[in-house]
Amino acid sequence: MQTIYNTLSRLKEPLKPIVPGRVSMYVCGPTVYDYFHIGNARTFTVFDMVYRWLTASGYRVDYARNVTDIDDKIIERANANGEPIGALTERMTAAMHEDFDRLKLLRPTFEPRATQHVAGMLDIIRMLEDKGIAYRAPNGDVYYAVRKFAGYGKLSRKNPDDLIAGERVAVDTNKRDPLDFALWKAAKPQEPHWPSLFGNGRPGWHIECSAMCRAVLGETLDIHGGGWDLQFPHHENEIAQSEGALGHAFVNLWMHAAFLNFDSEKMSKSLGNFFTIREVLNKLNPVRGGEEVRFFLLRGHYRSEINYTYDTLMDAANALMGIYRVLKDVPPAQGIVLDWAHPLAARFKAAMDDDFDTPAAFAVLFELRDEVRRSGDAHLSALLKALGGMIGLLQADPAAFVSGAEASINVQALVDERNAAKKAKDFARADAIRKDLDAMGIVLEDKPGGVTEWRKK
RNA sequence: GGCGGGUUAGCAAAGUGGCUAUGCAGCGGAUUGCAAAUCCGUCUACGUCGGUUCGAUUCCGGCACCCGCCUCCA
């Protein structure tokens, strides 16, 4: 049985879908104003893994991941670039898809965009106003009265009184309480806006997710996820909005992915210590890079922070290479039905069912790698590939992955020349060629039977 | 200040009240013209001080250090 750590209860709980056999999952997606970094990628890779594993486990998963395409940062960036907002968000959404594809992320079932759900947001805001939870402020904004929602703070375990006492809550005379947050922002000159019974304006940040969850997945979700930093205030506010307006439970299981750090500090745009996925991938081999990053990101448990360095990434890449080598040497049998009774398959499943313990699952893959190597068994090799496939790994062509490139005539000519030199016992010449190739990043492997294989480092 | 998470061998990273996690690197050996790859073997663990227990890295408490949220943030 699948268990999942629920941020709400701080306990591992069994997954009990509202509709048996089906799982609804919403993950807060990116704000598309810039390329995103490997820390952002971690969260989406984690939930892609969850999506794949639940699907492999037999659930029909309705997976929604939104695109936030209206927001202060987008407006700011578009103005700085001197381009229309729509052009910026289109460009960045396309870039996002490119990056996600390279990391082998599946497209979610639904990818709603905030600007397409403004009516749904206004609907919820109106319900909140009718219940006296939302109010119109003198400046034309509509705010959520946090004190009217009894459960406020239950997710992040923050006490509203403590928050008031803190220094970080900004004072705003338009708000009745400093904790109140904007549901609707009155239109300002040169900003996009929509008509509404609250006047022209645009939505606050948190309301979009409440509206899109409801529109796409329904009023109560099995799973809602996001990065750890979204717990407060974003997810807390989503709960307040949805439960405040609709009057029933919003989400059964809250999942939060831990940070990816750099120099043991959270990687973030505001700290400036980030690497975009593009930068990282451009330093890696084009054939292998995407899967290497994915493997690296899933090597740590999703609730543990991981530290990004080139060395830890290379460590993961070497480990992945070891598995692909075995898949190349022992081609997986075709058309095999996965045998869950196999002890290693059972252990893999047990690890994944236990709150998605990918590090433990990987340990099983390594043991299986050794078994395949030892036995040369194509069925076991197929099992290895199939298990990896359940979390989006090991599906590349092994020969291409190991060589790191499509066959190159240039390299092959040098390899042939070296083999001729070897036959003539001209080892000096043979070594010189190997050294040249090494300088080009090509490593040779002499195999039994006079066959020489090569691969990119 | 409030709340929360963490500290496992050279590095990375799971897990467990008593039974070799695992990966990468290192070292020794086999193999190889030399390498690479592979195989065999092998060395480093559970922050600190107490408590509970027959027994604690694992449970409880104190301490130290690190990190996060409380403001946009994956």
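No hydrogens, no waters, no symmetry mates; every other heavy atom, side chains included, goes into these values. In this text, all values refer to a predicted model and were calculated from it rather than measured experimentally.
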Can you list everything that forms a side chain to side chain contact (heavy atoms under 4.5 Å, CB included) with A/Glu417? Sequence neighbours excluded, please. A/Leu414, A/Arg429, A/Ile433

Of the listed nucleotides B/G2, B/G68, B/A14, the one nearest the side chain of A/Ser304: B/A14

Ion pair A/Glu191/A/Lys185, N-O distance below 4.0 Å: no

Working to the nearest 0.5 angstrom, can you tell me the gap between A/Leu368 CG and A/Asp377 CG? 9.5 Å

Does A/Arg303 make a cation-pi contact with A/Tyr5, if we ask for NZ or CZ under 6.0 Å from the ring centre and within 45° of the axis? yes

For the residue pair A/Tyr152 and A/Phe181, categorise the inter-ring angle as parallel (less than 30°), tilted (30 to 60°) or perpendicular (more than 60°). parallel

Any idea which of B/A13, B/G33, B/A21 is nearest the A/Arg418 side chain? B/G33

Of the candidates B/A36, B/A74, B/C39, the side chain of A/Asp370 sits closest to B/C39

Of the candidates B/A74, B/U38, B/G23, the side chain of A/Arg373 sits closest to B/U38

Ring-plane angle category for A/His235 and A/His256, please: parallel below 30°, perpendicular beyond 60°, tilted otherwise. tilted

Does the aromatic ring of A/Phe427 sit over the six-membered base ring of B/G33, closer than 5.5 Å centre to centre and tilted less than 30°? yes

What orientation do A/Trp53 and A/Phe348 show, parallel under 30°, tilted 30 to 60°, or perpendicular over 60°? perpendicular

Using a heavy-atom distance cut-off of less than 4.0 Å, which residues of residues 355-364 of chain A contact RNA chain B? A/Asp357, A/Pro359, A/Ala360, A/Ala363

Measure from the side chain of A/Asn318, starting at C-beta and using heavy atoms only, and say which of B/A37, B/A25, B/U22 lies closest. B/A25

Testing the 3.5 Å rule here: is there a donor-acceptor pair between the side chains of A/Glu371 and A/His342? no

Choosing from B/G33, B/C70, B/U38, which nucleotide comes nearest the side chain of A/Lys158? B/C70

Charged N-O contact under 4.0 Å between A/Asp161 and A/Arg147: yes

Would you write the dot-bracket representation of RNA chain B, where each base gets (, ), [, ], | or . depending on whether it forms a Watson-Crick or G-U pair under 3.5 Å and with which partner? (((((((..(((.....[...))).(((((.......)))))....(((((..]....))))))))))))....

Of the candidate nucleotides B/C69, B/C72, B/A36, which contains the atom at the shortest distance from the side chain of A/Ser270? B/C72

